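Accompanying notes for the structure given below.
All of these numbers come straight from a predicted model, not from anything done at the bench. Hydrogens, waters and symmetry mates are skipped; everything else that's a heavy atom, side chains included, is used. One is the number of the first residue; the rest follow in order along the sequence.
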Amino acid sequence: MFKQLLLSTAAAAMLAVTLPAGAFAAELMAIITPSHDNPFFKAEAEGAAAKAKELGFEPLILVHDDDANKQNQLVDTAIARGAKAIVLDNAGAAATTAAVQKAKNAGIPSFLIDREINETGIAVSQIVSNNYQGAQLGAEEFVKLMGEKGPYAELLGREADTNAGIRSSGYHDVIDQYPDMKMVVQQSANWSQPEAFEKMQTILQANPEIKGVISGNDTMAMGAWAALEAAGRTDVIVVGFDGSNDVRDSIKKGGIKATVLQPAYRQAQLAVEQAKQYLETGKTGTEEKQLMDCVLINADNADKLETFALKD
């Protein structure tokens, strides 16, 4: 079991002050993600930390909670601690560029996962899921499950997050080809399960005729499904996006009907592998921007899903 250092912003700032710059410089790798309350981000951190330990690094796990200011402080911490590299699932495409540039100026390369930034040539790698391709897979399954017709709701992710827009575009480029599919409401639940629960309750009251919900991630899908169950509306078709174990279990029980797996665990490990290669050779051997295809998960293959990866 590898040692993990999970620090709050305050603790991280304290370490930045009390430890000399360069401490652990030969081995420290900072792994910075959104909150581990979302199992997707927890899987990223665990995957990166396991691979870092395997390759001889000491993982420093930090959480920015989708707060760009906190993220900036954590990058300062990584610099002060003399990290050799940063693996980062960022807190916003526009807000992150300056932080990554700051790390680069300090001689620390960054390897981004899950979310891109608006610039190239600042991070060494940007490894993201093919969100558009995955959204199309989810939308095709949703249309099929809906019988190509009926009123539906869409739950959007955090509007500042590039992935939220890409997934919604992928959904609509498929669904909008079917004239009998009618979106009656589209609302953001900010990737949050409690917020999705509340939004779904309101949506049901105003639109009791809905027959389906397509969600920008699994966490919101779980919130929506909980609200539907509470209202006795288990007839409503719900499709998510991420490939979480929670949605896998719901699919196996006949609840949520499908999700789209984005390989979070492998993506994070790949970032660490590329960091190791870059530190040793000055190159990763691949392009900066890299897309990993997604996989549809439904009742046919849910048994093979475990922690954002498909088992053989």
Side-chain angles (χ1 to χ4, degrees), residues 4-17 19 21 24 28-49 52 57-129 131 157-166 188 190-192 217 219 262 264 267-268 271-272 274-275 288-289:
Q4 292 185 350
L5 305 174
L6 182 57
L7 305 176
S8 67
T9 302
M14 184 179 297
L15 281 170
V17 172
L19 290 176
F24 304 107
L28 197 70
M29 179 175 291
I31 299 162
I32 308 174
T33 71
S35 171
H36 295 183
D37 289 345
N38 185 322
F40 181 86
F41 302 127
K42 182 179 180 182
E44 285 183 334
E46 290 178 347
F57 296 97
E58 180 69 20
L60 174 66
I61 301 176
L62 303 168
V63 172
H64 59 57
D65 294 320
D66 278 316
D67 182 327
N69 290 326
K70 186 182 290 188
Q71 174 180 260
N72 193 50
Q73 294 171 8
L74 297 179
V75 170
D76 285 340
T77 297
I79 294 170
R81 293 286 304 273
K84 299 296 288 184
I86 295 172
V87 173
L88 172 65
D89 189 339
N90 71 72
T96 298
T97 301
V100 175
Q101 181 68 62
K102 178 168 56 176
K104 182 180 180 180
N105 293 346
I108 303 174
S110 296
F111 300 81
L112 307 189
I113 55 175
D114 182 42
R115 302 169 179 174
E116 298 174 286
I117 57 174
N118 294 335
E119 304 290 336
T120 58
I122 301 173
V124 174
S125 297
Q126 299 194 52
I127 309 168
V128 301
S129 299
N131 284 277
R158 186 166 161 263
E159 292 182 19
D161 189 331
T162 304
N163 289 344
I166 293 173
S188 171
N190 292 301
W191 305 129
S192 166
N217 78 344
T219 307
Q262 51 171 338
Q267 201 172 86
V272 175
Q274 291 185 13
E288 175 184 337
K289 290 206 170 185

Quick check: closest heavy atoms across [X] and [Y], and the distance to 0.1 Å?
{"X": "Q267", "Y": "D114", "value": "OE1-N, 3.0 Å"}
{"X": "M29", "Y": "A275", "value": "CE-CB, 3.9 Å"}
{"X": "G47", "Y": "A268", "value": "C-CB, 4.4 Å"}
{"X": "A48", "Y": "V272", "value": "O-CG2, 3.5 Å"}
{"X": "N131", "Y": "Q262", "value": "OD1-OE1, 4.2 Å"}
{"X": "A91", "Y": "T96", "value": "N-OG1, 3.6 Å"}

Could you tell me if the side chain of [Y] sits less than 4.5 Å from the side chain of [X], heavy atoms only?
{"X": "D76", "Y": "K102", "answer": "yes"}
{"X": "L88", "Y": "S110", "answer": "no"}
{"X": "R115", "Y": "N163", "answer": "yes"}
{"X": "E44", "Y": "V87", "answer": "no"}
{"X": "Q274", "Y": "V124", "answer": "no"}
{"X": "P34", "Y": "D89", "answer": "yes"}

In Å, rounded to the nearest 0.5 Å, how long is the span from [atom1] of [X] to [atom2] of [Y]?
{"X": "D66", "Y": "T33", "atom1": "CG", "atom2": "OG1", "result": "9.5 Å"}
{"X": "K42", "Y": "I61", "atom1": "NZ", "atom2": "CD1", "result": "10.5 Å"}
{"X": "D65", "Y": "D37", "atom1": "CG", "atom2": "CG", "result": "8.0 Å"}
{"X": "R81", "Y": "L60", "atom1": "CZ", "atom2": "CG", "result": "5.5 Å"}
{"X": "S35", "Y": "H64", "atom1": "OG", "atom2": "NE2", "result": "10.0 Å"}
{"X": "K84", "Y": "L28", "atom1": "NZ", "atom2": "CG", "result": "10.5 Å"}

Where the side chain of [X] meets the backbone of [Y], is there a donor-acceptor pair that is under 3.5 Å apart?
{"X": "N118", "Y": "T97", "answer": "no"}
{"X": "S188", "Y": "G157", "answer": "yes"}
{"X": "E288", "Y": "I122", "answer": "no"}
{"X": "E116", "Y": "Q126", "answer": "no"}
{"X": "K104", "Y": "G121", "answer": "yes"}

Test side chain to side chain contact (heavy atoms under 4.5 Å, CB included) applied to V100 and N90, step by step: CA-CA 10 Å; V100 175; N90 71 72; over 6 Å; no
Test side-chain hydrogen bond (donor to acceptor under 3.5 Å, both in side chains) applied to N69 and Q73, step by step: CA-CA 6 Å; N69 290 326; Q73 294 171 8; over 6 Å; no
No-hydrogen, no-angle side-chain donor-acceptor test under 3.5 Å, W191 and N38: no
